[in-house]
Amino acid sequence: DHLYKERGLSKSIQAAPLLYKIPGAKLYTLEGLTLTLRCAAIGRPMPAIRWEINGQPLRPSSLPEHFHLNTVSPGISDLKIQAALPRHSGNYSCIASNSVWMSGQRVEVTAVTKLKVIPYNASESHRIAQRPQRGQIESNRYPDYVQRS
């Protein structure tokens, strides 16, 4: 409060939302694992965060099985997928908005994450779990469809 008074600023100044913590642009996970996507935004007033999957809104009252939404604190939301299945692959959007309007439109900022759930293949599991033999290139332990960074 004193910083506002010192600088002669009003607390009524508004700021459009800004996403400062978003999931990566592309994520890969193995079937059966739990994954949490976190989205955090700032702005004045504090932005509300909502989630969409493939352009369809996720509503807390009608979440698909395995999905959980959690508002960690104002401006921070987690989307948790327990025991991910290949059908959960898709484009996940985190959308932050508040009451700020510019050029006659409400300001919204969006971050999209493309999620790929890799099916578990029992015949491949030994390749992922075993350590490479001497002289073997380590990347051979992973199936071709697993992207390594």
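What you see below is based on every heavy atom in this structure, not just the backbone, and it leaves out hydrogens, waters and symmetry mates.
- For Ala84 against Thr29, the heavy-atom pair with the smallest separation is CB-CG2, 4.2 Å.
- Note on Ile42 and Val72: same hydrophobic cluster, where clusters join Ile, Leu, Val, Met, Phe, Trp and Tyr whose side-chain heavy atoms are under 4.5 Å apart, directly or indirectly.
- Applying the disulfide bond (SG atoms under 2.5 Å apart) rule to pairs touching residues 52-92 yields nothing, sequence neighbours excluded.
- Note that NE2 of His66 and CG of Leu35 are 13.5 Å apart. Values are rounded to the nearest 0.5 Å.
- Minimum interatomic distance between Leu85 and Glu31 (heavy atoms only, all atoms of both residues): CD2-OE2, 3.8 Å.
- Clustering ILVMFWY residues whenever any of their side-chain heavy atoms sit less than 4.5 angstrom apart, transitively, puts Leu27 in a cluster other than the one holding Val112.
- Taken together through direct or relayed side-chain contacts under 4.5 Å among Ile, Leu, Val, Met, Phe, Trp and Tyr, Leu63 and Leu115 form part of one hydrophobic cluster.
- Note that CD1 of Ile49 and CD1 of Ile76 are 7.5 Å apart. Values are rounded to the nearest 0.5 Å.
- For the disulfide bond (SG atoms under 2.5 Å apart) condition, the pairs that include at least one residue of residues 27-57, sequence neighbours left out, are Cys39-Cys94.
- The closest side-chain heavy-atom distance from Pro47 to Ser97 is not below 4.5 Å.
- When all heavy atoms are compared, the tightest approach of Thr34 to Ala83 is OG1-N, 3.7 Å.
- Interatomic distance, Leu79 CG to Leu37 CG, rounded to the nearest 0.5 Å: 5.0 Å.
- Evaluation of the side-chain contact (heavy atoms from CB on, under 4.5 Å) rule for Pro60 yields Leu69 as partners, not counting sequence neighbours.
- Considering every non-hydrogen atom in both Asn98 and Pro45, the closest pair reads ND2-O, 2.8 Å.
- For residues 44-74, there are no disulfide bond (SG atoms under 2.5 Å apart) pairs, not counting sequence neighbours.
- Pairs of residues two or more places apart, or lying in two chains, that qualify as side-chain hydrogen bond (donor to acceptor under 3.5 Å, both in side chains) and include a residue from residues 107-119 are Arg50-Glu108.
- Through direct or indirect side-chain contacts shorter than 4.5 Å among Ile, Leu, Val, Met, Phe, Trp and Tyr, Met46 is connected to no other residue.
- Evaluation of the side-chain hydrogen bond (donor to acceptor under 3.5 Å, both in side chains) test over residues 76-90, restricted to residues two or more places apart or in two chains, returns Arg38-Asp78, Trp51-Ser77, His68-Gln82.
- For the side-chain contact (heavy atoms from CB on, under 4.5 Å) test, residues two or more places apart in sequence or in another chain that qualify with Val107 are Ala16, Pro17, Val100, Met102.
- Note on residues 43-90: no pairs pass disulfide bond (SG atoms under 2.5 Å apart), not counting sequence neighbours.
- At least one side-chain heavy atom of Leu58 sits under 4.5 Å from a side-chain heavy atom of Ile53.
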#### Entry: Evaluation steps, side-chain contact (heavy atoms from CB on, under 4.5 Å), between Leu33 and Tyr120
CA-CA 10 Å; Leu33 296 181; Tyr120 175 78; over 6 Å; no

